[in-house]
Amino acid sequence: MLDKTYQPKEVEEKIYKLWEDGKYFTPVIDKKKRPFTIILPLPNANDPMHMGHALFTVEDIMARYHRMLGEPTLWLPGADHAGIETQFVFEKKLAKEDKSRFDFDRKTLYQMIWNYVEKNRSINRGQLKKLGFSLDWSRYHYSLEPEIMERVLETFRKLYQDGLIYRGERIVNFCTKCGTAFSDLEVDYQERDDFIYYLDYGAISIATTRPETIFADVAVAVNPKDKKYLKVEKTAVIPLINIAIPVLSDALVQKDFGTGALKITPGYDPVDFEIGQKNGLEIIPIMKRNGRLDFTSKRFASLSQEIKDKLTQIQNLKVYPAREKTVELLEKEKKLIKKIPYKHTVGVCYRCGTVIEPMVIPQWFVKTKPLAKPAIEAVERGLTKIVPKKRFEKMYFDWLKNIRDWNISRQIVWGPQIPVWYCLDCNHNIELNFLRRSCHPEFVSGSRGMPKQVRHDNVYIGSEKISGTYQELRNKYSFEEIRSGLQNLVVPQDSSYQLASDKCEKCQGTKLLQETDTFDTWFLSGQWPVNTLKSNPADFAYFYPTSVLDTLWDILPFWVARMMMLGIYLTGKVPFKTVHLHARVVDKLGQKMSKSKGNVIDPLTISEKYGADALRLALVLGVGPASDISLSEEKIVGMRNFCNKRFLLLNLEGKSVPFYKEKMPGLTKEDLKLLKSLKILTKNVTKNIDAYKFGKASEILYQFAWHEFADIYLENSKLKIQNSKISEEEKLVTLSVLRHVYLNVLKLLHPFIPFVTEEIWQNFPRKNNSPLLVSPWPK
RNA sequence: GGAUCCAUAGCUCAGCGGUAGAGCGUUCGCUUCACAUGCGAAAGGUGGGAGGAUCAACACCUCCUGGGUCCACCA
């Protein structure tokens with residue numbers, strides 16, 4: 001007997017337990033049947049649930065539908081360590097405690113982040129269960145579990161052996177605050193109000209928004225077709241430091257921008273880097289990784305004392321103060337022609353919003369062209385279908401066809417280290433940064449130059465930060481001291497390296513240190529379908545390639561395209577047959593949900609209040625393919641009202657109603673009409689789910705259940721049953737039709753609102769004793 | 001600069017080559033049993049603008065206007 005009003009909270013917990021205990025989410029491999037597989041887009045282990053996760057509803061609908069069709073259905077859950085995201089959050093936490101990552105050696109920092117994430121990882125799982133997701137928890141994987149990590153390293157080695165990995169000194173997007181490089185995809189762009197400065201370079205004048213970089217200029221370039229510059233001097237002069245540089249011509253320079261002359265700074269600008277490469281220009285380093293200017297390179301050594309004094313004023317300043325100071329000096333020397341307010345877009349770190357500094361730092365790259373080609377062909381040949389096709393295939397092709405080599409190294413600790421080792425004896429110029437442990441904290445200076453005691457988890461008390469090349473440090477500190485307190489290495493481009501860790505292949509030495517760069521998170525998640533399923537060879541053989549990948553379209557390039565590339569590379573087969581893309585959840589005014597706007601709807605609060613089913617239905621009902629999902633509390637209330645219509649439960653109490661049979665005697669015109677409607681409904685719901693039109697499928701179900709079945713048929717049958725002139729037999733026929741239609745509607749609704757439907761099913765006299773989630777889909 | 005999507009009821013959005021749909025909101029009425037988290041009814045749209053192919057368009061094509069989003073080396 002059910003409560004009169006539906007109490008979702010109690011019911012949901014009970015029902016989920018019923019499913020879990022029955023192991024219904026764990027498929028049984030049956031080679032005679034075709035499996036249905038979905039890999040859950042792995043949530044960040046550290047993230048609490050948000051509406052994006054609630055949208056996994058779409059996957060649950062597919063999983064439940066296919067399970068009811070009798071297909072061995074695997075929906076595989078997991079969690080991602082989310083390298084940069086997580087380290088960024090953790091560092092913010094450290095900052096609140098007046099600490100920074102520079103206070104810890106990498107091993108300690110890693111362990112601290114590990115512990116921090118571990119707490120949230122289990123919360124995450126519970127939250128997914130609350131929404132009723134039929135995930136196979138027995139196959140749960142975490143991106144940092146040893147087996148998964150080992151497979152990632154294997155992929156790296158395989159790529160290396162196939163000549164697809166290289167260590168390159170190229171210009172990369174560097175965030176001086178996060179202290180790491182990013183791939184091109186991880187840079188956001190913001191419009192800024194800045195200035196553009198016109199500067200006097202002797203024979204020519206140039207325009208720049210970044211005057212502080214003039215010290216690293218090595219040339220000026222003009223467009224070869226620019227008539228203004230047909231007869232220009234071949235030499236320009238960098239103001240302030242009076243260094244002569246050549247004037248080149250290059251088609252990349254736009255004639256009509258600024259003065260038409262571009263200063264070439266190969267170390268700090270992507271275009272300049274490219275021009276520099278073409279012309280064999282030198283790269284002058286003037287900025288450290290912490291974003292402070294530095295004039296200690298050899299270019300500046302031979303300058304006059306007067307000039308050196310100018311540079312001293314800028315030395316060690318951060319970019320913006322350095323810019324101000326440079327402009328001030330330029331003004332003083334009358335080299336600033338004009339300064340104009342200028343609106344332009346700048347690249348910023350997608351995590352912390354700091355302006356990205358393009359810098360030349362050796363990084364690990366994957367050659368992507370050979371991987372992209374088969375990934376493009378697979379979609380062209382229809383081996384993987386993208387839904388909705390029209391809109392997103394083009395995006396996929398555009399991205400893969402224009403792809404550039406992928407920087408997979410990150411200068412953070414939170415992630416697997418790149419499995420490459422450097423021999424210190426063969427590479428004396430490797431710069432080492434490590435913390436030396438000390439027994440006398442009072443004599444020790446902290447990272448900010450202040451005496452400081454650092455304590456954490458009793459790992460160490462007090463430490464001293466040491467930096468320098470191995471050449472400089474080798475006689476002062478033991479290898480073990482360096483190794484155990486290591487923060488990071490700065491390895492010159494020409495250093496030798498190897499994949500074996502035991503001893504140096506050149507000198508047989510054993511003072512080897514592993515690369516301190518870690519993998520881009522997407523390098524791990526790009527192999528996720530392969531690596532998770534490979535945990536069990538039988539699983540891989542049966543469930544790979546997976547059936548559907550469902551995700552928000554915005555990570556199509558980040559994730560989907562990379563899974564395609566790596567999946568095909570590793571297995572020769574596409575990782576999924578269909579990519580289904582859904583849209584993002586927006587508020588009732590169509591605006592993106594964000595904390596600052598205060599329009600965030602929290603899925604857990606909502607499901608506590610109205611039930612998970614109501615939330616699920618609100619997320620899919622009437623939503624067009626890949627269009628934004630406008631969600632409001634009002635809509636959820638509406639859906640809750642629907643879920644609460646557990647019609648006719650009371651009527652059947654204590655009655656022995658015969659089971660409906662086709663063409664049973666006594667069927668009326670109304671009965672036949674309803675039965676026909678049910679048939680059409682069943683067909684349409686099935687058709688729409690197959691076509692990924694969940695919005696339509698749920699809408700027609702809603703319409704039928706409420707307005708056709710409940711409002712009309714049920715209302716009429718109520719009158720009929722109360723009517724004493726009608727025979728008992730006739731009433732029983734009506735009731736069996738009612739029950740038949742009702743049970744079928746429950747089945748059809750189950751993928752969308754699994755909890756209520758299962759609860760009613762459990763309380764209903766029926767032929768089939770197994771739970772609703774494994775009962776056969778109506779035909 | 002390139003690409004792409006959107007414009008339909010007060011709001012948020014579906015759908016469709018052949019008499020305009022839903023949810024929420026609004027108005028009026030009903031309501032001792034499946035459900036007030038309800039039932040019945042009603043009001044409300046010359047489908048952004050202009051043109052074109054069609055027997056016929058809100059739907060197809062072109063252009064315009066206004067928004068969204070993505071990509072790109074804007075010094």
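None of these values were measured; they are calculated from a predicted model. Residue numbers start from 1 in every chain, and the chains themselves are labelled A, B, ... in the order their sequence lines are given, proteins ahead of strands.
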Subject >> Intermediate values then yes/no, side chain to side chain contact (heavy atoms under 4.5 Å, CB included), Lys278(A) and Leu248(A) >> reply: CA-CA 11 Å; Lys278(A) 265 191 275 180; Leu248(A) 313 167; over 6 Å; no
Original post:
Distance check: side-chain N/O of Trp553(A) vs OP1/OP2 of rC5(B), anything under 4.0 Å?
Top reply: no
Original post:
Which ranges of RNA chain B pair up as stems, where a stem means three or more consecutive Watson-Crick or G-U pairs with both distances under 3.5 Å?
Top reply: B:1-7 with B:65-71, B:10-13 with B:21-24, B:26-30 with B:38-42, B:48-52 with B:60-64
Subject >> Distance, P atom - from rA22(B) to rG45(B), rounded to whole angstrom >> reply: 15 Å
Subject >> Contact summary for Ala251(A) and Asn223(A), nearest pair of heavy atoms >> reply: O-ND2, 3.5 Å
Polar atoms only, N or O, under 3.5 Å: list the protein pairs with nucleotides 41-43 of chain B and their distances.
none

Subject >> Spacing of the P atoms in rC6(B) and rU62(B) (rounded, Å) >> reply: 13 Å
Original post:
Heavy atoms under 4.0 Å, any strand shown: does Gly695(A) hit a base, just sugar-phosphate, or nothing?
Top reply: nothing
Subject >> Arg616(A) side-chain N/O to Pro751(A) backbone N/O, donor-acceptor pair under 3.5 Å >> reply: yes
Original post:
From rG38(B), rC39(B), rG23(B), pick the nucleotide closest to the side chain of Tyr702(A)?
Top reply: rG23(B)
Subject >> Sole residue of Leu621(A), Leu619(A), Val620(A) in side-chain contact (heavy atoms from CB on, under 4.5 Å) with Ile629(A) >> reply: Leu619(A)
Subject >> Distance, P atom - from rG15(B) to rC28(B), rounded to whole angstrom >> reply: 34 Å
**OP:** Could I get the full list of side chain to side chain contact (heavy atoms under 4.5 Å, CB included) partners for Ser205(A), not counting sequence neighbours?
**Re:** Thr259(A), Ile337(A)
**OP:** Measure the distance from NZ on Lys9(A) to P on rU37(B) and round it to the nearest whole Å.
**Re:** 20 Å
Original post:
Between Glu186(A) and Ser183(A), is there a donor-acceptor pair closer than 3.5 Å when you use the side chain of the first and the backbone of the second?
Top reply: yes
Original post:
Gln703(A) CD to rC13(B) P: how many Å, rounded?
Top reply: 21 Å
What protein N or O atoms touch nucleotides 26-30 of chain B N or O atoms at under 3.5 angstrom, if any, and at what distances?
none

Subject >> All side chain to side chain contact (heavy atoms under 4.5 Å, CB included) counterparts of Thr209(A), not counting sequence neighbours >> reply: Ile196(A), Tyr342(A), His344(A)
Original post:
Distance between the C1' atoms of rU54(B) and rC60(B), in whole angstroms?
Top reply: 9 Å
Original post:
Nearest-Å distance, CD (Glu633(A)) to C1' (rU37(B))?
Top reply: 14 Å
**OP:** Would you kindly give the CG-to-P distance between Asp628(A) and rC6(B), to the nearest whole Å?
**Re:** 12 Å
**OP:** Output all residues satisfying ring pair (Phe, Tyr, Trp, His ring centres under 6.0 Å) with Tyr197(A), sequence neighbours left out; order by chain, then residue number.
**Re:** none
Subject >> Any residue meeting side-chain hydrogen bond (donor to acceptor under 3.5 Å, both in side chains) with Ser607(A), in chain and number order, not counting sequence neighbours >> reply: none
Original post:
Side chain of Tyr610(A), backbone of Glu633(A): donor and acceptor closer than 3.5 Å?
Top reply: no
Subject >> Whole-Å C1' distance, rG1(B) and rA72(B) >> reply: 8 Å
Subject >> Interatomic distance, Glu393(A) CD vs rU4(B) P [rounded to whole Å] >> reply: 14 Å
Original post:
Lys635(A) NZ to rG25(B) P: how many Å, rounded?
Top reply: 14 Å
Original post:
Hey, is the side chain of Ser632(A) poking within less than 4.0 Å of OP1 or OP2 on rC11(B), counting only N and O atoms?
Top reply: no
Original post:
Roughly how many Å is it from CD in Glu699(A) to P in rC24(B), rounded to a whole number?
Top reply: 12 Å
**OP:** With sequence neighbours excluded, tell me which residues meet ring pair (Phe, Tyr, Trp, His ring centres under 6.0 Å) with Phe365(A).
**Re:** Tyr166(A)
Original post:
Whole Å only: how far is the CE atom of Met639(A) from the P atom of rC13(B)?
Top reply: 15 Å
Subject >> Separation of the P atoms in rC64(B) and rG2(B), to the nearest angstrom >> reply: 12 Å
**OP:** Taking side-chain hydrogen bond (donor to acceptor under 3.5 Å, both in side chains) as the test, write out the residues that go with Asp217(A), two or more places apart.
**Re:** Tyr201(A), Lys263(A), Thr265(A)
Original post:
Checking all strands, does Ser627(A) fall into the base, sugar-phosphate, or nothing category for heavy-atom contacts under 4.0 angstrom?
Top reply: sugar-phosphate
Sub-3.5 Å pairs of nitrogen or oxygen atoms, protein against nucleotides 72-75 of chain B:
{"from": "rC73(B)", "atom 1": "OP1", "to": "Arg404(A)", "atom 2": "NH2", "distance (Å)": "3.2"}
{"from": "rA75(B)", "atom 1": "OP1", "to": "His344(A)", "atom 2": "ND1", "distance (Å)": "2.3"}
{"from": "rA75(B)", "atom 1": "OP2", "to": "Tyr342(A)", "atom 2": "OH", "distance (Å)": "2.5"}
{"from": "rA75(B)", "atom 1": "N6", "to": "Gln254(A)", "atom 2": "O", "distance (Å)": "2.7"}
{"from": "rA75(B)", "atom 1": "N6", "to": "Phe257(A)", "atom 2": "O", "distance (Å)": "3.0"}
{"from": "rA75(B)", "atom 1": "N1", "to": "Gln254(A)", "atom 2": "N", "distance (Å)": "3.1"}

Original post:
When rounded to the nearest Å, what value does the distance between P atoms of rA43(B) and rG51(B) take?
Top reply: 32 Å
Taking distance alone, no hydrogens or angles, what donor-acceptor pairs closer than 3.5 Å link side-chain atoms of residues 681-692 of chain A to residues at least two apart or in another chain?
{"from": "Thr682(A)", "atom 1": "OG1", "to": "Leu678(A)", "atom 2": "O", "distance (Å)": "2.7"}
{"from": "Thr686(A)", "atom 1": "OG1", "to": "Thr682(A)", "atom 2": "O", "distance (Å)": "2.6"}
{"from": "Thr686(A)", "atom 1": "OG1", "to": "Trp777(A)", "atom 2": "NE1", "distance (Å)": "3.1"}
{"from": "Asn688(A)", "atom 1": "ND2", "to": "Asn684(A)", "atom 2": "O", "distance (Å)": "2.9"}
{"from": "Asp690(A)", "atom 1": "OD1", "to": "Tyr65(A)", "atom 2": "OH", "distance (Å)": "2.9"}
{"from": "Asp690(A)", "atom 1": "OD2", "to": "Tyr65(A)", "atom 2": "OH", "distance (Å)": "3.3"}

Original post:
Mapping Arg584(A) and Val623(A) onto RNA chain B by nearest heavy atom, which one lands closer to the 5' end?
Top reply: Val623(A)
Subject >> Inter-nucleotide C1' distance (rA7(B), rG48(B)), Å rounded >> reply: 6 Å
Original post:
Hey, what's the ring geometry for Phe709(A) with Phe704(A), parallel, tilted or perpendicular (30° and 60° as the breaks)?
Top reply: parallel
Original post:
Looking at Tyr742(A), does the NZ or CZ of Arg739(A) lie under 6.0 angstrom from its six-membered ring centre and within 45 degrees of the ring axis?
Top reply: no
**OP:** Could I get the full list of ring pair (Phe, Tyr, Trp, His ring centres under 6.0 Å) partners for Tyr396(A), not counting sequence neighbours?
**Re:** none
